[in-house]
2 protein chains.
Amino acid sequence: MDTVDPQHLRTFVTVTRLGSFSEAARELGYTQSAVSQQIAALEADLGAGLLNRRPVGPTEAGRRLLEHAAPLLVRLEAARADVARLAGAPSTRLVLGATPLAVGPELGRALGEVRRAYPAAELVVRVLAQGVLPAQAATGEVDLALIDGLAAPSDPLPLPDVGPLATRAVDEQPVAVALPAGHPLAGRSGVALADLSAARWLDAPDLTPTAARLRAAAGVDGFRPATRYRGTDVHGLLALVATGHGLTLLPASALADAPGVASAPIAAPRLVHRTELVHGSLPEGPAALLARLLGA
Amino acid sequence: MDTVDPQHLRTFVTVTRLGSFSEAARELGYTQSAVSQQIAALEADLGAGLLNRRPVGPTEAGRRLLEHAAPLLVRLEAARADVARLAGAPSTRLVLGATPLAVGPELGRALGEVRRAYPAAELVVRVLAQGVLPAQAATGEVDLALIDGLAAPSDPLPLPDVGPLATRAVDEQPVAVALPAGHPLAGRSGVALADLSAARWLDAPDLTPTAARLRAAAGVDGFRPATRYRGTDVHGLLALVATGHGLTLLPASALADAPGVASAPIAAPRLVHRTELVHGSLPEGPAALLARLLGA
DNA sequence: GGTGTCCATCAACTTTTCTGATCGAGGGGT
DNA sequence: ACCCCTCGATCAGAAAAGTTGATGGACACC
């Protein structure tokens, strides 16, 4: 063997995930014997013990390998998906993955046109957290991904690199901080992000930039999250803002008419809330059409 | 087959690079027959033609696959190297990769200490362009990489993602623009990068940020490079600056006493020239020591 | 039109990988 | 304390995959 065998890698991650050779064998459709031999072969190939047996768990080297394995398998899958889509029959199905804030009237209009052009097509919109979307776009679980996030005006969004993906900005909004109505800063024409570092923050990692991102953008410490909000809906988050649980950054458009919530645009540093369209190769059909519509 | 076979991928890359099945076979140590069958297997597996024969060249799908293949093979190699280093015998050899501007007195002092602690160790300093260093650190061609570049004060350097690498800042310098002596801006206490967008620029991609990076940082168009400078030495570049071939950004310390060259610090946007230490797992020995010394 | 190079194909062989059976070790229940 | 059951390792044989060497057809160059 010259390169690490991905099959073995897949078996290895399955074993560590399930904590059992036998269960991994069942899940992968092998015999327990095969799994045992695959792990042995991998350990021999790399010249290091990867798993402690009884109880089954990764060693130091195994943990290191795990960090490599997951992205590797994703990219392997992405390569297959990318080529397959390019060669496959034009698909009649369109799966659009999107972060919650990326779904807006513009997308609705574009989807309407797709509907008109392909009346028989099956359209699926899947709302997902930002973190998983690039991988889903790469592996073809979604045909197109609409991802929103915070960035400097001329930087691209900081997305994880999961392979060669095409990226294009489709929308930019000013960034504003969501405040409870009556907050002293409400209605101010511009606020410096750094001045907010001491405030209580709502950390909604599936929805808006995390505290760590804010620290980086503002160049100061602080932004200690008071409450963590897991979920992909804006409504609930704004309700918490209205009741004083903390502040959050959102695109100005999302704050237009939320009850009990005021806002103030962020003046410094220069940030924008950008929505980007991300995709690998596009199967001819509704997906390609939607990409063209959103790009224009 | 369930995942794409990396062996096939490697063969495919070699065939496209050499434009010949037979030559690829020779280089890889196979028979021509084996190469032919590997390509056929890969095409069957992915369900798409990848190569045009006679003349041999990638198809549309093949080109797409090539974009995936190279990073994939690097990461596969990186996984092996990372684990092997962790398990292997403590190395007596230290290969340090560094961008030219990362080599300075501080590094010299640290290397001296390493020398003292490991008198018998073989120390190698390899100066390389920024672009290739992360991959070399990941695959173990260098044990440690010192990479310098331009970034916002609290952003990490924008490095290509080639796998899980540890990163730590070891030095930060103000950024200055190198000017020919007598230039109207020479000696000014602060210059806005955007004001320089119309100037003639020296593009030295192996040494300093490229024009594209400047455009992104300044948020304006411009920075059209007048002359391209390939190479990793600062001396020659500064000579060109002195003779009026164009401007370049460099860390302030590199400009201290260059003959015929003046400078002015960049005041806006807030940028720093940062040197980061990048490495995978560290083999016990001189490499680990140097990492500790530079980290402190 | 001959000739040489190049890739595809085929059958035989080799190597690798999987299965099914068996073994010893360890944990839990009685 | 003993038994029993589950778990992973190991081994031999079977199955699968990959490689070689020989051969054939297509194309380019002389």
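Below, read A as the first sequence line, B as the second, and so on, with proteins coming before strands; counting in each chain starts at 1.
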- request: Can you measure from CZ (F21(A)) to OG1 (T31(A)) and round to the nearest 0.5 angstrom?
  value: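 Reported value, rounded in 0.5 Å steps: 12.5 Å.
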query: Are side-chain heavy atoms of L128(A) and T99(A) found at a separation under 4.5 Å?
result: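 Not in contact.
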field: Test applied, side-chain contact (heavy atoms from CB on, under 4.5 Å); reference residue, P286(A); option that passes from D143(A), L96(A), V114(A)
entry: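 Only one option passes, and that is V114(A).
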- prompt: With a non-hydrogen cut-off below 4.0 angstrom, is S22(A) in contact with a base, only sugar-phosphate, or nothing?
  reply: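 It contacts sugar-phosphate atoms only.
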- prompt: When we call it a touch if two heavy atoms are under 4.0 Å apart, what does V56(B) touch: a base, just sugar-phosphate, or nothing?
  reply: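 Sugar-phosphate, no base atom in range.
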In whole angstrom, give the distance that lies between atom [atom1] of [X] and atom [atom2] of [N].
X	N	atom1	atom2	answer
N52(B)	dC7(C)	CG	C1'	13 Å
E43(B)	dC7(C)	CD	C1'	12 Å
Y30(B)	dT14(C)	OH	P	18 Å
L51(A)	dA9(D)	CG	C1'	14 Å
Q7(B)	dG18(D)	CD	C1'	10 Å
F21(A)	dA25(C)	CZ	P	18 Å
Q32(B)	dA22(D)	CD	P	13 Å
R26(B)	dT5(C)	CZ	C1'	11 Å

task: Using distance alone, with no hydrogens and no angle criterion, decide if D82(A) and H68(B) have a side-chain donor and acceptor under 3.5 Å apart.
output: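 A pair is found: one side chain offers a donor N or O, the other an acceptor, under 3.5 Å apart.
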- prompt: In terms of the nearest nucleotide of DNA chain C, which residue is placed more toward the 5' end: I39(B) or Q38(A)?
  reply: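 Its nearest nucleotide lies further toward 5', so the answer is I39(B).
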task: For E23(B) and for Q37(B), locate the closest nucleotide of DNA chain C by heavy-atom distance; then report the residue assigned to the nucleotide nearer the 5' terminus.
output: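 That would be E23(B).
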- request: For the side chain of S36(B), starting at C-beta, report the closest nucleotide among dC10(C), dC7(C), dT19(C).
  value: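 The answer is dC7(C), which lies nearest to the side chain.
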message: Keeping R53(A) on the side-chain end and L51(A) on the backbone end, is there a donor-acceptor pair under 3.5 Å?
response: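 Present.
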task: Establish whether the base of dG21(D) is bridged to the side chain of S33(B) by a donor-acceptor pair shorter than 3.5 Å.
output: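 Per atom types, the contact qualifies.
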